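What follows is a single structure, written as structure tokens, with notes after it.
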Amino acid sequence: MKNQISQHSLSLVCVAAIVLLAPNAALAAGGTSIVATEGQAAHVSKAWPEGVAELVNDPVRTTGWNSWFTEWPNDVNQYAMEIKSTDDLNRLIRKLAAVESDLLQIRLSDLAEPKGLGWVTSVPEGNDIPVIFSIGDQERIDQWYAHVRQPFGVMEFVAAPVAVPPTLTLFVQNEAVKLDELEIPEGISVTFGYVPTVFHKSNTTLEQAREEEAAKQEEKAAIALDVKGLDEAKLQAFVAIQAFLKTRDKETAAATPTDDE
């Protein structure tokens with residue numbers, strides 16, 4: 001199929017590895033594991049929330065990847081969703097809404113397709129993938145955190161990192177994604193952003209300091225992005241995302257009962 005990444009291309013990604021000086025002065029390496037292939041049922045972790053199995057084994061799911069790096073929990077899996085229609089996409093969104101998780105995400109990217117999927121993992125240019133499903137594993141993170149060195153290199157954790165929640169990233173420039181036809185139920189967080197790759201929340205002292213500084217600013221700010229230098233296609237996608245999010249905010253506010261109701 002047009003959107004399917006060739007095994008040759010994947011093998012090039014899988015053998016890719018980087019070697020650098022780790023915090024304990026030992027050599028570390030990274031790579032990519034293939035966790036799902038088109039037409040074959042994908043493994044479903046027992047640690048994932050109920051309902052995730054229906055998403056990762058939807059008929060439009062093709063390849064799945066896990067990007068790993070030594071000494072990290074490497075808990076995030078990414079799955080390509082090769083949708084053909086808005087019906088396909090809305091079916092995925094309904095399945096996301098049915099997952100039993102406190103946080104469910106849809107991220108809207110102003111790109112046409114993904115590239116980097118974590119650490120050393122990337123997909124070839126021209127892959128035309130319109131949707132990526134991402135999910136982390138909190139149990140694996142907790143096990144890793146129980147034995148991780150403190151501090152971990154230059155990072156100092158104040159608590160265990162929080163795993164990436166069930167997340168659909170939609171690439172708005174892709175012809176298969178039509179914002180004005182999406183049906184997104186309440187309970188799903190919709191934001192501007194790219195594919196999540198490591199943690200949802202790292203819980204480091206640096207992150208904590210940044211959050212404290214941000215708290216001094218407005219509680220809710222519009223998407224901040226310097227549009228200077230963007231090409232026309234990315235600019236149009238960004239404007240469409242902004243309009244979509246504003247409309248969704250108004251609809252959510254209108255649907256929220258007041259104290260008098």
Side-chain angles (χ1 to χ4, degrees), residues 4-38 40-48 52 56 61-81 107 109 111 113-127 129 132-167 169 171 193-207 210:
Q4 182 61 26
I5 299 172
S6 70
Q7 189 61 44
H8 174 68
S9 297
L10 283 174
S11 65
L12 293 178
V13 174
C14 293
V15 299
I18 58 175
V19 178
L20 49 76
L21 198 62
N24 64 353
L27 291 179
T32 304
S33 298
I34 303 301
V35 295
T37 55
E38 184 176 9
Q40 301 295 320
H43 171 73
V44 177
S45 170
K46 294 180 180 179
W48 289 346
V52 170
V56 298
R61 191 268 300 146
T62 54
T63 307
W65 305 268
N66 175 271
S67 187
W68 59 267
F69 195 79
T70 53
E71 299 196 40
W72 284 86
N74 305 318
D75 65 300
V76 182
N77 284 3
Q78 315 280 10
Y79 299 90
M81 300 296 193
R107 294 190 175 192
S109 169
L111 304 176
E113 62 184 29
K115 184 177 181 182
L117 295 177
W119 296 124
V120 300
T121 304
S122 62
V123 286
E125 185 176 353
N127 59 76
I129 297 172
I132 291 286
F133 175 65
S134 311
I135 185 166
D137 187 326
Q138 190 63 50
E139 285 190 10
R140 186 182 294 185
I141 291 176
D142 290 343
Q143 292 169 358
W144 170 81
Y145 184 71
H147 301 94
V148 72
R149 298 182 310 280
Q150 290 285 9
F152 184 63
V154 298
M155 302 174 67
E156 184 174 352
F157 294 97
V158 296
V162 178
V164 170
T167 302
T169 301
F171 294 89
Y194 187 68
V195 177
T197 57
V198 183
F199 301 129
H200 174 63
K201 186 177 175 64
S202 66
N203 282 332
T204 61
T205 52
L206 179 59
E207 183 183 67
R210 287 174 176 171

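Numbering starts at 1 and runs along the sequence shown. What you are looking at is a predicted structure, and each value in this text was computed from that prediction instead of being measured.
When every heavy atom of I129 is checked against every heavy atom of A80, the shortest pair comes out as CD1-CB, 3.8 Å. Shown here for V164 and P196, the closest heavy-atom pair between the two residues is CG1-CG, 3.6 Å. Annotation for Q78 and V195: closest pair OE1-CG1, 3.3 Å, computed over non-hydrogen atoms. In terms of heavy-atom proximity, S67 sits nearest to N74 at O-OD1, 3.9 Å. Closest approach of A160 and N203 over heavy atoms only: O-ND2, 2.7 Å. For the residue pair A42 and A36, the shortest heavy atom distance occurs at CB-CB, 3.9 Å.
By the 4.5 Å heavy-atom criterion applied to side chains, Y145 and Q150 are counted as neighbours. At a threshold of 4.5 Å between non-hydrogen side-chain atoms, the residues N127 and P114 count as touching. Between E71 and R149, some side-chain heavy-atom pair lies under the 4.5 Å cut-off. Annotation: side chain of F199 is not in contact with side chain of V162 (no heavy-atom distance under 4.5 Å).
Considering CH2 of W144 and CH2 of W72, their distance stands at 5.0 Å, rounded to 0.5 Å. From D75, atom CG reaches atom CD of E139 across 11.5 Å, with rounding to the nearest 0.5 Å. Taken from OG1 in T63 to CD in E38, the straight-line distance is 7.0 Å, to the nearest 0.5 Å. Between T121 atom OG1 and W65 atom CH2 the span is 9.5 Å, to the nearest 0.5 Å. Distance CZ/F171 to NZ/K115: 13.0 Å, rounded to 0.5 Å. Atom CD1 of I132 sits about 12.0 Å away from atom OG1 of T167, to the nearest 0.5 Å.
Residues passing the side chain to side chain donor-acceptor pair (under 3.5 Å) test with Q138 are D142, sequence neighbours excluded. For K201, the salt bridge (charged side-chain N to carboxylate O under 4.0 Å, His left out) partners two or more places apart in sequence, or in a different chain, are E207, E211. For the side chain to side chain donor-acceptor pair (under 3.5 Å) test, residues two or more places apart in sequence or in another chain that qualify with N77 are N66, Y79. Checked against side chain to side chain contact (heavy atoms under 4.5 Å, CB included), T205 has the following partners two or more places apart in sequence or in another chain: E156, V158. Listed by chain and residue number, nothing satisfies the side chain to side chain donor-acceptor pair (under 3.5 Å) test with T169 (two or more places apart in sequence, or in another chain). Every residue meeting the side chain to side chain donor-acceptor pair (under 3.5 Å) condition with D137, not counting sequence neighbours, appears here in chain and number order: S45. Among residues two or more places apart in sequence or in another chain, the side chain to side chain contact (heavy atoms under 4.5 Å, CB included) test is passed with L206 by T204, R210.
Taking a 6.0 Å sphere around CD of E125, one finds it holds 12 or fewer heavy atoms contributed by other residues, nucleotides or ligands.
For the pair Y194 (side chain) and L111 (backbone), a donor-acceptor distance under 3.5 Å is absent.
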